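Here's the structure, in C-alpha cells; my notes come after.
Please read all numbers here as calculations on a predicted model, not as lab measurements. Computation of the quantities below employed the complete heavy-atom set of this structure, encompassing side-chain atoms and omitting hydrogens, waters and symmetry-equivalent molecules.
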Amino acid sequence: MKKAVSILMIALLVLAATACASPSATPSDSAQGDHVYRVAMIANAPIDDGGWNAACYAGMKGAAEIYGFETSYSESVAESDYVSTFTEYANMGVDLIFAPGNEFTDAVLEVAPNFPDVNFVILNGDVSGDNCSSIKCDNTQLGFLAGILAGLKTKTNHVGLVGGMEITPALQSVDGFEQGVAYTNPDAQIHVTWSNSWDDAALGKEIATSMITTNDVDVFFGLASAVDAGVREGAMQFENRYAIAQPSDYLSQAPNMILSSVVTDNVALIGMAMKQVKEGTFGGTVVQGGVADGVLSLGAFGTAADDIKDKAMQIFEDLRSGKIKVEYNA
C-alpha cells in the first residue's frame with residue numbers, strides 16, 4: 001500500500017455563545033441528599049458542530065440524565081483560555097469537569113492539583129491522578145473500522161483522512177485507518193491532511209476540494225470536529241464522493257454520501273466517571289473501551305454503502321470476536 005501524506009495545517013462544558021459568556025446550567029434530578037451534583041464541559045469548538053463536540057455534549061447530557069447531574073458548558077474556548085476556564089469552574093465547586101479531548105491534558109494537569117475536591121475527566125486522555133482520570137475509546141479500532149469502509153468503497157484507489165491536530169488519539173486513529181484500508185484494499189493510497197483547526201468548516205471544504213482535484217480522492221474520513229462538516233460539503237460538489245462520519249451516527253446529515261458512521265458510546269464512557277464521582281471512587285484510572293466492550297460500533301448504512309455493508313459487517317463481527325486483531329503502533 002502506498003501512502004501519501006500531505007500536511008496543510010489539520011474526543012464536556014460552559015459559555016452559551018462564546019467562551020466569554022456567563023456559564024449556563026441545565027437542571028436535572030441531581031440531588032443526592034442535600035448535595036446537587038454538577039458537571040461542566042469545556043469545548044474548543046461549538047457544541048453544535050455536527051461532529052466531535054456535538055457528540056461529546058450529547059454524551060454528557062445523556063449520562064447526566066442517568067446519574068443525576070446538572071450540566072454546564074463553555075464552547076469555542078481558545079487554547080490560551082483553557083486554564084482560566086477550568087479554574088473558573090473549579091472555583092464554582094463543580095463536582096466533575098469534563099475535558100473532551102487529549103489536547104486539554106496540559107491545562108488539566110496544571111489546574112487539577114490546586115483543586116483536590118474537584119474531579120477532572122479527560123476523554124481520549126492518557127493521564128491520571130488523585131482527582132483526575134482518563135476515559136477513551138480504542139482509537140486504533142475506530143480508525144480501523146473507518147479504513148475498512150474506505151478501502152471497500154473507493155473506486156479511484158485514493159482515500160482521504162482529514163485530522164484536526166497531530167495529537168496522540170488522532171495519530172492512533174490514522175494508524176488504525178491505514179490498517180483498515182490495507183485489510184480491504186492494499187492497492188489504495190491514503191492521503192492525510194491536518195487542518196490544525198477544530199472549527200474552521202470553510203477550511204474543511206477547501207481541503208476536500210484540493211484532495212479531489214489533486215489526487216482524485218473519493219472517500220473521506222474526518223477527525224476534525226466542525227471541519228468534518230466542511231469536508232463533506234466540499235466533497236458533495238463532486239460526483240461519486242463519499243464520507244465516513246464519527247463519533248455519532250450522522251447519516252441523516254448527508255444520507256446520499258455518508259457510507260456509515262463509527263459510533264462511540266460517549267454516554268457509557270462519561271457515565272462511568274459520573275458513577276465513580278457519586279460513589280467516591282473517582283481518580284487514578286485510564287479506561288479504554290473498544291468493539292468487544294460495546295463502546296465502538298458501526299451506525300446506520302446509507303444507500304451508497306449497499307454494495308459494501310455486508311462485507312463491512314462481517315469484518316466488524318470478526319473484530320469483535322477477536323478473529324481480527326489490530327496492531328498498536330502509535
task: Indicate yes or no: does Lys61 engage Glu65 in a salt bridge with an N to O separation below 4.0 Å.
output: no

message: Hydrophobic clustering (ILVMFWY, side-chain heavy atoms < 4.5 Å, transitive) - are Val286 and Val108 grouped together?
response: no

field: Stepwise salt bridge (charged side-chain N to carboxylate O under 4.0 Å, His left out) test for Asp126 and Lys136
entry: CA-CA 9 Å; Asp126 292 291; Lys136 58 183 179 179; 2.4 Å; yes

- request: Could you state whether Leu142 and Ile258 fall into the same hydrophobic cluster, counting links through intermediate Ile, Leu, Val, Met, Phe, Trp or Tyr residues with side-chain heavy atoms under 4.5 angstrom apart?
  value: no

message: Minimum heavy-atom separation for Ser225 and Asn53, please, with both atom names.
response: OG-ND2, 3.0 Å

statement: Closest non-hydrogen contact found for Ala304 with Tyr242 is CB-CE2, 3.6 Å

field: Audit row: Asn157, Asn185, side chain to side chain donor-acceptor pair (under 3.5 Å) steps and yes/no
entry: CA-CA 8 Å; Asn157 275 347; Asn185 188 347; 2.9 Å; yes

message: Working to the nearest 0.5 angstrom, can you tell me the gap between Thr184 OG1 and Lys311 NZ?
response: 9.0 Å

message: Could you check whether Asp216 pairs with Arg241 (Lys NZ or Arg NE/NH1/NH2 to Asp/Glu carboxylate O, under 4.0 Å)?
response: yes

Charged N-O contact under 4.0 Å between Asp307 and Lys155: yes

task: Go through Asp175 and Thr140 one step at a time and tell me if the side chain to side chain donor-acceptor pair (under 3.5 Å) criterion holds.
output: CA-CA 6 Å; Asp175 180 45; Thr140 306; 4.8 Å; no

message: Within a 6.0 Å radius of atom CD on Glu79, are there more than 12 heavy atoms belonging to other residues, nucleotides or ligands?
response: no

message: What's the separation between atom OG in Ser260 and atom CG in Asp249, rounded to the nearest 0.5 Å?
response: 6.5 Å

message: On a heavy-atom basis, which atom in His191 and which in Met211 lie closest, and how many Å separate them?
response: O-CE, 3.2 Å

query: Is it true that atom CG of Asn91 has more than 12 heavy atoms of other residues, nucleotides or ligands lying nearer than 6.0 Å?
result: yes

Inter-residue atom distance Phe238.CZ - Met257.CE, 0.5 Å rounding: 11.0 Å

message: Between the side chains of Lys205 and Glu233, is the shortest nitrogen-to-carboxylate-oxygen separation below 4.0 Å, so that they form an ion pair?
response: yes

query: Stepwise, does the side chain to side chain donor-acceptor pair (under 3.5 Å) test hold for Gln314 with Asp318?
result: CA-CA 6 Å; Gln314 181 58 60; Asp318 288 344; 3.1 Å; yes

- request: Answer yes or no on whether Lys278 is positioned over the face of Tyr37, meaning its NZ or CZ is under 6.0 Å from the six-membered ring centre and within 45° of the axis.
  value: yes

- prompt: Going only through I, L, V, M, F, W and Y residues with side-chain contacts under 4.5 Å, is there a path from Val219 to Tyr250?
  reply: no

- prompt: Taking the inter-plane angle between the rings of Phe104 and Phe86 on a 0 to 90° scale, is it parallel (under 30°), tilted (30 to 60°) or perpendicular (over 60°)?
  reply: perpendicular

- request: Begin from the C-alpha positions of Ser133 and Thr285 and carry the test side chain to side chain donor-acceptor pair (under 3.5 Å) through to its verdict.
  value: CA-CA 5 Å; Ser133 289; Thr285 60; 3.2 Å; yes

